[in-house]
Structures are given as structure tokens and as C-alpha cells.
J.: 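Here's a structure for you.
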Amino acid sequence: MEGKKAKMEWEVVIGLETHVQLSTESKVFSGASCAFGAEPNTHSCYIDLALPGALPVLNRMAVEKSMKFGLAIGAEVAKKSVFDRKNYFYPDLPKGYQISQFPLPIVKGGKISFTVQPRNGEPYRKTVNLTRAHLEEDAGKSVHGVVRGKSGMDLNRAGTPLLEIVTEPDMRSAEEAVGYAKALHALVVWIGITRGNMQEGNFRCDANVSVRPKGQQEFGTRCEIKNLNSFKFLQEAIDYEVRRQIELIESGGKVVQATRLYDPATGETRLMRVKEDSMDYRYFPDPDLMPLIISDEWKARVASEMPELPEAMRERLVRELGLTEYDADVLTASRDIADYYGALSANAPDKKIAANWVMGEVASAVNGTEGMTYAAAPVRPEALAEILKRLADGTINAKGAKRLFQLIWDGAEANVDALIEREGLKQISDASAIEPLIDEVLASNQKMVEEFRAGKQKAFNALVGQCMKATRGKANPKQVNELLRKKLGA
């Protein structure tokens with residue numbers, strides 16, 4: 001009897017192309033504003049509209065922000081790069097071509113390392129190699145449905161500077177792709193080259209997805225899923241496309257190279273157009289723009305303006321401040337958090353306790369307030385440092401520290417010592433004031449005393465609770481523990 005045919009095992013291959021909108025005031029080749037949210041076509045000039053005789057002028061700040069990215073990922077920042085015309089017709093592309101870069105991009109190579117959080121299994125470190133990052137202009141936007149049966153063009157976005165970042169096909173799951181995208185997003189915001197607002201289109205991913213039998217070296221036919229503007233949609237789109245391709249091949253079909261769109265309402269990808277290759281775009285150097293030459297002096301100046309990078313900060317927090325790797329990962333997850341902790345730890349008496357507060361009380365308050373950031377948090381790092389100093393010197397206890405934090409968060413003036421006095425939060429540390437209260441607790445809780453002497457530790461904790469209650473939570477817990485043990489002969 002013929003045995004059952006073994007089920008084919010598949011390997012997923014993913015590469016990402018990410019468009020990062022650079023945070024410049026004006027567009028990459030014109031002086032028009034890059035501000036978001038204006039009335040249609042109010043932020044477009046004669047260059048963006050491709051009027052006859054209009055010539056592009058390169059934005060120096062867009063170049064420097066691209067250089068910063070190359071330096072941040074350990075890539076080669078090209079001494080010479082060239083702008084090319086990428087020719088294709090689309091209604092929102094006024095010139096009939098896009099100014100981009102192809103054979104000679106501004107950034108070559110580089111890599112990004114990050115932690116992957118798989119749905120099943122332990123977290124692990126992953127490194128994705130980058131092919132290139134090139135500077136280009138964005139297209140406009142087609143607007144449908146404003147006038148019934150007609151489409152309009154909003155060219156406010158046309159010409160905004162984009163850095164397109166292209167990876168090698170190094171990712172093998174949707175989780176790895178999402179992990180990479182999150183790490184890239186955190187990095188480009190960290191170094192200040194973009195605002196990173198995904199709802200406004202500052203950070204958009206195209207995912208190239210293919211599958212192949214496990215063990216096969218040759219890549220399968222890929223499909224590109226365009227314009228994914230959330231990490232959730234990136235995960236869902238890749239998961240669906242992987243299932244679609246595997247089911248198609250296993251049923252005898254063939255994957256056709258194409259560009260697809262993801263529909264969040266249905267959770268499916270759908271065909272947009274049969275995919276072009278680079279030859280279809282008829283790239284050639286733009287005759288209106290000179291080659292971009294980056295001198296060693298220019299590169300050195302830009303490098304001197306770079307902030308400390310997340311990986312270097314993580315290592316420093318572990319090495320110099322004695323934090324755990326987990327703490328360091330959390331505290332460098334974004335520039336916003338890192339800056340807050342940096343300002344706090346400069347004045348806090350205990351760096352680990354300061355880290356716990358940022359990851360605990362501060363994170364909870366920030367995340368629980370809509371639109372809040374660490375930079376705008378009502379409790380500034382300087383005020384929190386004062387609270388932690390009073391906690392460390394025994395003036396207040398943990399409960400009092402949390403009360404102070406909440407008062408300042410809710411709008412109280414950040415004068416910590418004055419608030420301690422006003423709210424009566426000063427801790428009782430005088431043994432002569434605590435001992436009579438402990439005696440009263442022991443006298444009225446003889447059963448607990450007997451249980452403790454019989455070896456029940458829970459009874460001791462209960463007695464501590466009663467003592468704290470008797471002092472209305474103002475006694476120094478450490479002193480209460482010591483005095484109580486002394487009186488019980490423990």
C-alpha cells in the first residue's frame with residue numbers, strides 16, 4: 001500500500017521597502033511647504049506642478065537627514081550619488097516621472113538589529129541587512145468622491161522628501177518583519193530625521209513576500225504589498241499573503257509577480273497591477289540636477305551632530321548604571337522615554353529605582369492619558385528626582401511618593417517639600433513614637449502573635465499591616481519591621 005505523501009514545508013522570504021518622509025520645512029526640490037493638513041493644492045508651487053521651464057533645486061537639509069540615517073546604521077554614505085528620472089504615468093505625478101536615485105544612491109549597505117517577539121516561543125535577536133537608502137520625491141494624492149463620478153488631484157504632498165530604505169530578503173516571518181519595522185521607526189524618530197507619524201504617511205512600508213519549499217535556495221515569485229501604514233496591517237497583510245501563495249501553489253496554481261493592496265476591512269490582499277521591473281521605468285540621470293558630492297568635512301560635521309544611538313545607550317545603561325538588559329531595552333524603546341530617564345537618572349539617588357519608576361508609574365500615567373508624551377508629562381524628571389530623594393532619605397514612604405506623583409500630575413505646584421508638609425506625608429521615623437503603637441497592636445492581636453510564634457510568617461505580615469494602619473501609613477516600614485521583630489523576640 002502506497003504511503004501518505006508528506007506535507008510540503010514552506011519557508012517565507014520577506015524584504016521591506018520603507019518610505020520615510022523627512023522632516024524638512026520645505027520640499028526636496030522646491031520651496032513649497034511640507035506642512036500636513038492644508039487645503040488641497042495650497043502647498044504646491046510651479047516646480048511641484050511641473051510647469052514649463054521649472055527647474056528643481058536640491059534641499060540641503062534633506063541630504064543631511066539622509067546622511068544621518070546612513071551613519072546611524074553603519075552604512076557607506078556615498079561621496080557621489082546621482083538623481084535619476086523614474087518614468088511612469090500616474091495622474092498624481094505631474095511631470096510624468098519621479099526624481100529618485102537608482103544605480104548610485106546616497107546610502108549603501110548597513111544593518112539593523114532588534115528583538116523579535118514571536119507568537120509562540122522565546123524572544124530572540126535578529127539582524128537585517130540593508131541594501132540601500134535613496135533620496136526621492138513623493139507623488140501627489142488622488143482624491144475620489146468629492147464630486148460624484150469624478151476624481152481630483154491634491155498635489156500638496158507632491159515633492160515632499162522621502163528616504164526609501166530597502167532591505168535584503170532577510171526576514172522569515174511576519175513577526176520578524178514587524179520587529180524590523182518597529183526598530184527602524186524607533187531609529188529614524190530617535191535621530192530626528194522624521195516625525196514618524198504613520199497616520200499622516202510619514203512612515204509607510206511595502207512588503208515583498210514570497211514562499212519556497214524549505215531547503216530550496218532559489219527564491220519564489222514575490223508579490224509586493226503596497227502602502228502599509230501600521231504595524232498591525234503589516235502583520236495581517238503578510239500573514240494573509242503567505243497563506244494565499246501557499247494555497248495557490250498547493251492547488252496547482254502559479255504565483256504571478258504583482259503589486260497588491262491590503263484591505264483591512266476584509267483582511268485580504270487584492271491585485272493592484274502586474275508588477276513592473278526596474279527596466280520598465282527607463283531610469284536615466286536627471287539632466288536638471290548635478291551629481292551630489294559629499295565631502296569628508298561635510299560628513300564629519302553631520303556625524304558630530306548625531307545623538308547617542310539606542311544600541312550604544314543600552315550598553316552604557318547596563319555597563320555604567322548597573323541596569324538589567326531588559327530595563328535598558330525598555331528605556332531605549334523610544335527617544336522620548338530615553339530622554340526622560342536620562343534627565344531623571346542624572347539627579348536620582350538610585351538609578352535602578354529611577355528606572356522602575358519610569359517603567360511603572362510614569363509609563364502608566366503617560367499611556368493612560370490620550371495624546372500624552374514623556375516630553376510633555378506634567379511630572380518633570382527634576383520633580384520626580386526630588387520625590388525619589390525624599391523616599392531615599394526616609395522623609396516619605398512609597399505610598400507617600402506615589403501620592404506626591406499623582407498630585408503633581410494632576411496640577412499641583414511641583415514644590416515637593418511644601419507638598420509633603422501640606423499633605424502631612426512626612427514619615428514617622430522616631431522609634432519612641434512608633435513603639436507605643438506597636439505595643440497596642442500586639443496587645444489587641446494576641447492570636448496573630450501566637451500564630452507567628454507557631455511559625456506562620458503570614459501572621460507577621462498581618463501584624464506589620466496592623467501597625468501601618470495604626471500609624472495611618474506614616475510609619476517607616478523598615479523601622480516597624482525591626483521594632484516588631486525585636487518585641488516578638490524574632
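In what follows, every heavy atom counts, from backbone to side chain, and hydrogens, waters and symmetry copies are set aside.
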J.: I'd like to know if the side chain of Q98 and the backbone of A139 have a donor-acceptor N/O pair within less than 3.5 Å.
T.: no
J.: Tell me whether the count of non-hydrogen atoms from other residues, nucleotides or ligands lying under 6.0 Å of CE in M306 goes above 12.
T.: yes
J.: Do other residues, nucleotides or ligands put more than 12 heavy atoms under 6.0 Å from the CE atom of M153?
T.: yes
J.: At their closest point, which heavy atom of G109 faces which heavy atom of I73, and how far apart are they?
T.: O-CD1, 3.6 Å
J.: Check P161 against V28 and note the closest heavy-atom contact, atom names and distance.
T.: CB-CB, 3.6 Å
J.: Side-chain contact, heavy-atom cut-off 4.5 Å: M67 with K299?
T.: yes
J.: For atom NZ of K141, is the number of surrounding heavy atoms from other residues, nucleotides or ligands below 6.0 Å larger than 12?
T.: no
J.: Show the nearest heavy-atom pair for residues P349 and A385, with the distance to one decimal.
T.: CD-O, 4.4 Å
J.: Before accepting this row, confirm whether a basic side-chain N of the pair E247/R243 lies closer than 4.0 Å to the acidic partner's carboxylate O.
T.: no
J.: Looking only at side chains, do Q245 and W10 share a donor and an acceptor under 3.5 Å apart?
T.: no
J.: Taking D138 first and then R204, would you say they form a salt bridge - that is, a charged N and a carboxylate O separated by under 4.0 Å?
T.: yes
J.: Look at E11 together with R212 and state whether they make a salt bridge at an N to O cut-off of under 4.0 Å.
T.: yes
J.: For Y326, is the OH atom crowded, meaning more than 12 foreign heavy atoms sit under 6.0 Å from it?
T.: no
J.: Determine yes or no for a side-chain-to-main-chain donor-acceptor pair under 3.5 angstrom, with W409 supplying the side chain and A377 the backbone.
T.: no
J.: I want to check something: taking the side chain as every heavy atom from C-beta on, are I14 and P169 in contact at a cut-off of under 4.5 Å?
T.: no
J.: Quick test of your reading of the model: are R316 and E308 salt-bridged, counting only N-O distances below 4.0 Å?
T.: yes
J.: Going through the distances and angles, do D206 and K226 end up as a side chain to side chain contact (heavy atoms under 4.5 Å, CB included)?
T.: CA-CA 5 Å; D206 301 339; K226 293 287 286 184; 3.1 Å; yes
J.: Please give me the minimum heavy-atom distance between G140 and R157, naming the atom from each residue.
T.: O-NH2, 3.2 Å
J.: Listing request: all ring-ring contact (aromatic ring centres under 6.0 Å, His included) pairs with a residue in residues 146-179, at least two apart in sequence or in separate chains.
T.: none
J.: Should the heavy atoms of other residues, nucleotides or ligands under 6.0 Å from OH of Y88 be counted, would the total exceed 12?
T.: yes
J.: When you check the gap from the basic side-chain N to the acidic O, do E325 and R314 get nearer than 4.0 Å?
T.: no
J.: Are the side chains of P56 and I99 in contact, using a 4.5 Å heavy-atom criterion?
T.: yes
J.: Just verifying a value: how many Å separate F203 CZ and K182 NZ, rounded to the nearest 0.5 Å?
T.: 11.5 Å
J.: Are side-chain heavy atoms of D327 and K352 found at a separation under 4.5 Å?
T.: yes
J.: Consider only side-chain N and O atoms of E168 and T131, and report whether a donor and an acceptor are under 3.5 Å apart.
T.: yes
J.: Taking the side chain from K351 and the backbone from A348, do they hold a donor-acceptor pair closer than 3.5 Å?
T.: yes
J.: Check the pair V255 / S210 against side chain to side chain contact (heavy atoms under 4.5 Å, CB included), numbers first and verdict last.
T.: CA-CA 9 Å; V255 176; S210 65; over 6 Å; no
J.: So V107 and R132, do their side chains get closer than 4.5 Å, heavy atoms only?
T.: no
J.: Do the side chain of S30 and the main chain of K27 share a donor and acceptor less than 3.5 angstrom apart?
T.: no
J.: Quick one: does T369's side chain have a donor or acceptor within less than 3.5 Å of a partner on M372's backbone?
T.: no
J.: If every non-hydrogen atom of I225 is compared with every non-hydrogen atom of E241, which pair is closest and at what distance?
T.: CD1-CB, 3.7 Å
J.: Roughly how far apart are S100 OG and L162 CG, rounded to 0.5 Å?
T.: 9.0 Å
J.: State whether Y97 and K95 meet the cation-pi test: NZ (Lys) or CZ (Arg) under 6.0 Å from the six-membered ring centroid, and within 45° of the perpendicular axis.
T.: yes
J.: Going by atom types only, do Q21 and T194 share a side-chain donor-acceptor pair under 3.5 Å?
T.: no
J.: So that I can tick it off, tell me whether D170 and K126 are bridged by a salt bridge, with the cut-off set at under 4.0 angstrom between side-chain N and carboxylate O.
T.: no
J.: Just wondering, do N41 and D154 contact through their side chains at under 4.5 Å, heavy atoms?
T.: yes
J.: State, to 0.1 Å, how close K80 and I293 come at their nearest heavy-atom pair, and which atoms those are.
T.: CG-CD1, 3.7 Å
J.: Using side chain to side chain contact (heavy atoms under 4.5 Å, CB included), reason through L58 and V63 one step at a time and then give a plain yes or no.
T.: CA-CA 8 Å; L58 181 58; V63 174; 3.7 Å; yes
J.: State the CD1-OG1 distance between I337 and T332, to the nearest 0.5 angstrom.
T.: 8.5 Å
J.: Indicate, with yes or no, if the rings of F83 and F29 have centres closer together than 6.0 Å.
T.: yes
J.: Atom NZ of residue position K402 - does it have more than 12 heavy atoms of other residues, nucleotides or ligands inside 6.0 Å?
T.: no
J.: Within a strict 4.5 Å, meaning less than it, do heavy atoms of the Q101 and L135 side chains meet?
T.: yes
J.: Does the side chain of T269 pick up a donor-acceptor pair with the side chain of R260 at under 3.5 Å?
T.: yes
J.: For atom OH of Y46, decide whether the heavy atoms of other residues, nucleotides or ligands shown that lie under 6.0 angstrom number more than 12.
T.: no
J.: Should L16 and L234 count as side-chain neighbours, where that means a heavy-atom distance under 4.5 Å?
T.: yes
J.: Check this for me: does any side-chain nitrogen of one of R125 and E311 sit under 4.0 Å from a carboxylate oxygen of the other?
T.: yes
J.: Y124 and E176: side chain to side chain donor-acceptor pair (under 3.5 Å), yes or no, with the steps?
T.: CA-CA 10 Å; Y124 60 92; E176 289 188 357; 2.6 Å; yes
J.: Output, in order, the C-alpha distance, side-chain angles, deciding distance and verdict of salt bridge (Lys or Arg N to Asp or Glu O under 4.0 Å) for E64 and K68.
T.: CA-CA 6 Å; E64 294 194 354; K68 282 185 176 181; over 6 Å; no
J.: About how many Å separate OH of Y240 and CZ of R244, when rounded to the nearest 0.5 Å?
T.: 6.5 Å
J.: Please check if the side chain of S364 supplies one atom and the backbone of G360 the other of a donor-acceptor pair under 3.5 Å.
T.: no
J.: Got more than 12 heavy atoms from elsewhere within 6.0 Å of CD, E320?
T.: yes
J.: Got a second to check how far L384's CG is from L344's CG, nearest 0.5 Å?
T.: 5.0 Å
J.: Are K86 and Y283 in a cation-pi setup, meaning NZ or CZ lies under 6.0 angstrom from the ring centre and within 45 degrees of the ring axis?
T.: no
J.: Assess the side chains of E136 and H134: does a donor N or O sit below 3.5 Å from an acceptor N or O?
T.: yes
J.: Check step by step if salt bridge (Lys or Arg N to Asp or Glu O under 4.0 Å) holds for R301 and E305.
T.: CA-CA 7 Å; R301 181 181 65 74; E305 297 168 357; 2.9 Å; yes
J.: Checking N202 side chain against L22 main chain: does a donor-acceptor pair fall under 3.5 Å?
T.: no
J.: Assess the side chains of E17 and N208: does a donor N or O sit below 3.5 Å from an acceptor N or O?
T.: yes
